Protein chains: 2
Amino acid sequence: MRIVTLNANGIRSAARKGFFDWLPHQSADVVCLQETKAHIHQLDDPLYWPEDFHCYYLDADKKGYSGVAIYARHPPDMLVRGLGWPDMDAEGRYLEARFGDLSVVSVYLPSGSSSAERQAVKFTFLDRFLPHLRECAAKGHHYILCGDWNIAHKPIDLKNWRSNQKNSGFLPEERAWLDTVFERDGWVDAFRHANPQPDQYTWWSNRGQAWAKNVGWRIDYQVVSPGLRAAIRAVAIYKDQRFSDHAPLIIDYDHPFPV
Amino acid sequence: MRIVTLNANGIRSAARKGFFDWLPHQSADVVCLQETKAHIHQLDDPLYWPEDFHCYYLDADKKGYSGVAIYARHPPDMLVRGLGWPDMDAEGRYLEARFGDLSVVSVYLPSGSSSAERQAVKFTFLDRFLPHLRECAAKGHHYILCGDWNIAHKPIDLKNWRSNQKNSGFLPEERAWLDTVFERDGWVDAFRHANPQPDQYTWWSNRGQAWAKNVGWRIDYQVVSPGLRAAIRAVAIYKDQRFSDHAPLIIDYDHPFPV
DNA sequence: CTTTTTATG
DNA sequence: CATAGAAAG
């Protein structure tokens, strides 16, 4: 079972850069996208409805902003649109597809980098999301939460950790929150579980020479429930092409895809 | 004496397209620009202050909107900024440089194409500009009024005159106003005086294949006072490079440049 | 620095 | 269709 996640930074921009030429060659079972930045009526081109997938979009109310999607090779038994939080759901941040005993989620956590107000929104999301994760855990089935969590967990997860300790995305409170998710509650950072190497990033600023110098952050995750830890087979960050300021995170699982 | 006029559709865009590489080779005495679309503090690059010229900018209050400029090889004796009409002057539409017995003007008449409200503004400008022209004529010295008048005068001055009779820029009232300027008041359309050929345009829509098919309009003029009629020596519309959706209009006059 | 809007032409 | 600005990341 192969799952691909990508913050597209505009699905139409990613399309122009060849994402939909690349995708059919990935043998993906599920594809999770974040920051589609489009309303569904702007995606009438068949390009945005790739063959062999069942495609679901959840848009923000605001045009050109946020938005998540899931493409699934097999039709899900159920689709969950949003978290039941009207303020966050208006921003198109959470889409869940249930396949038998497995849920795959495409989630886009708020960025706090643009203002103190947006950082407060991010903290509010974190405050509410932890109980949500605990409800998921209590359900007793498998979860794979794919997406842009907008937090680098540890110093190994970004190039310049010292200078970023006061910047959104590597604040002590944000890191402590991820500690709780991974270390107390037992969720698994699938990429890091399989790859302990440094310099493994999924996002590079567009400013300066960040990409050329690999000055990046690992803020995109596949976070899996404890029962899937042993099923993590292979992990990869795809950097041969650039569809976005983020790179696709591709993970293979032994767990059979429920059909 | 050579005078060049161009609606730059953004002086920074025209710069990217090589306007300031081309300009030094033109032996221009005066250069008139319209739609600079920049505030002067955004033009600190020396590129925008070409050597061998005295450079004057008149900006609109609104960022990125309208704005005119004059570059003069010799320093003018006097510079007139605006027409004394606060509403129009806030839009950066009129800059006059006086050299001895000659005034050279860079003028950008309002476009009416975006709304009925803007068409009303255009008509208001026309209503006030005719008395202004008569005041100029009464002064008894020479005038060369360069710029984008946003009106094609006669059917020969645009490709599709029949279908444009209800469109701003070729309305009967606008054409009649130019009739008054040229036929009653005796101002001279210098390009047409020297070149009676059809298909001589200075603006082409960016939509479709207007440029490739030469579906254009002649809406940029050098309008000269009657005493300069006999001094019109050579006229040209420069189309070898494209700096803008408008083309430079270059006219040589026998009248010696007053220094 | 980039994507996507919006206003304007 | 293109320029430039605004909002957001």
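Residue numbers start from 1 in every chain, and the chains themselves are labelled A, B, ... in the order their sequence lines are given, proteins ahead of strands. On a predicted model such as this, the values are computed, not experimentally measured, just so you know.
- Applying the 4.0 Å criterion to OP1 and OP2 of D:dT3, one finds that B:Ser13 has a side-chain N or O inside that range.
- Ion pair A:Arg128/A:Asp87 flagged as a salt bridge, since at least one NZ, NE, NH1 or NH2 atom sits closer than 4.0 Å to an Asp/Glu carboxylate oxygen.
- To the nearest angstrom, P of D:dA4 lies 11 Å from CG of B:Asp245.
- Distances shorter than 4.0 Å separate some side-chain N or O of A:Arg12 from OP1 or OP2 on C:dT5.
- B:Asp61 has its CG atom 19 Å from the P atom of C:dA7, to the nearest Å.
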Evaluate A:Asp240 against A:Trp22 for side chain to side chain contact (heavy atoms under 4.5 Å, CB included), listing each step before the verdict. CA-CA 11 Å; A:Asp240 292 352; A:Trp22 170 81; over 6 Å; no

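- A:Lys122 pairs in a side chain to side chain contact (heavy atoms under 4.5 Å, CB included) with only one of the listed residues (A:Asp127, A:Leu109, A:Ile151), which is A:Ile151.
- Here the nucleotide nearest the side chain of B:Ser113, chosen from C:dC1, C:dG9, D:dA2, is C:dG9.
- Of the candidate nucleotides D:dG9, C:dG9, D:dA2, C:dG9 has the atom nearest to the side chain of B:Glu35.
- When rounded to the nearest whole Å, the span between CD of B:Glu117 and C1' of C:dG9 equals 15 Å.
- Looking at heavy-atom distances under 4.0 Å, A:Arg16 makes contact with sugar-phosphate atoms alone, never a base.
- No donor-acceptor pair under 3.5 Å is formed between the side chain of B:Ser106 and the backbone N or O of B:Ile70.
- With the nearest nucleotide of DNA chain C identified for both A:Ala38 and B:Asn150, A:Ala38 has the one nearer the 5' end.
- Of the side-chain N and O atoms in B:Gln42, one or more sit less than 4.0 angstrom from OP1 or OP2 of D:dG5.
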Take B:Tyr221 and B:His153 through the side-chain hydrogen bond (donor to acceptor under 3.5 Å, both in side chains) test and state the conclusion after the steps. CA-CA 10 Å; B:Tyr221 295 85; B:His153 187 200; 5.6 Å; no

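- Atom CG of B:Asn9 is separated from atom P of D:dG5 by 12 Å (rounded to the nearest Å).
- Salt-bridge annotation for B:Lys154 and B:Asp189: absent, with no side-chain N of the basic residue lying under 4.0 Å from a carboxylate O of the acidic one.
- A salt bridge links B:Arg192 to B:Asp157: one of the charged nitrogens lies within less than 4.0 Å of a carboxylate oxygen.
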Nucleotide N/O to protein N/O under 3.5 Å, stretch nucleotides 6-8 of chain D:
| unit_1 | atom_1 | unit_2 | atom_2 | d |
| --- | --- | --- | --- | --- |
| D:dA8 | OP1 | A:Lys62 | NZ | 2.9 |

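- Spacing between atom CD of A:Gln119 and atom C1' of D:dG9 amounts to 13 Å, rounded to whole angstrom units.
- Following rounding to the nearest Å, B:Trp203 (CH2) and D:dT3 (C1') show an atom-to-atom distance of 14 Å.
- Look at CG on B:Asp220: it is 13 Å from C1' on C:dG9, rounded to the nearest Å.
- Counting to the nearest Å, the P atom of C:dT4 and the CD atom of A:Glu91 are 18 Å from each other.
- Counting non-hydrogen atoms under 4.0 angstrom, A:Lys17 reaches the backbone sugars and phosphates but no base.
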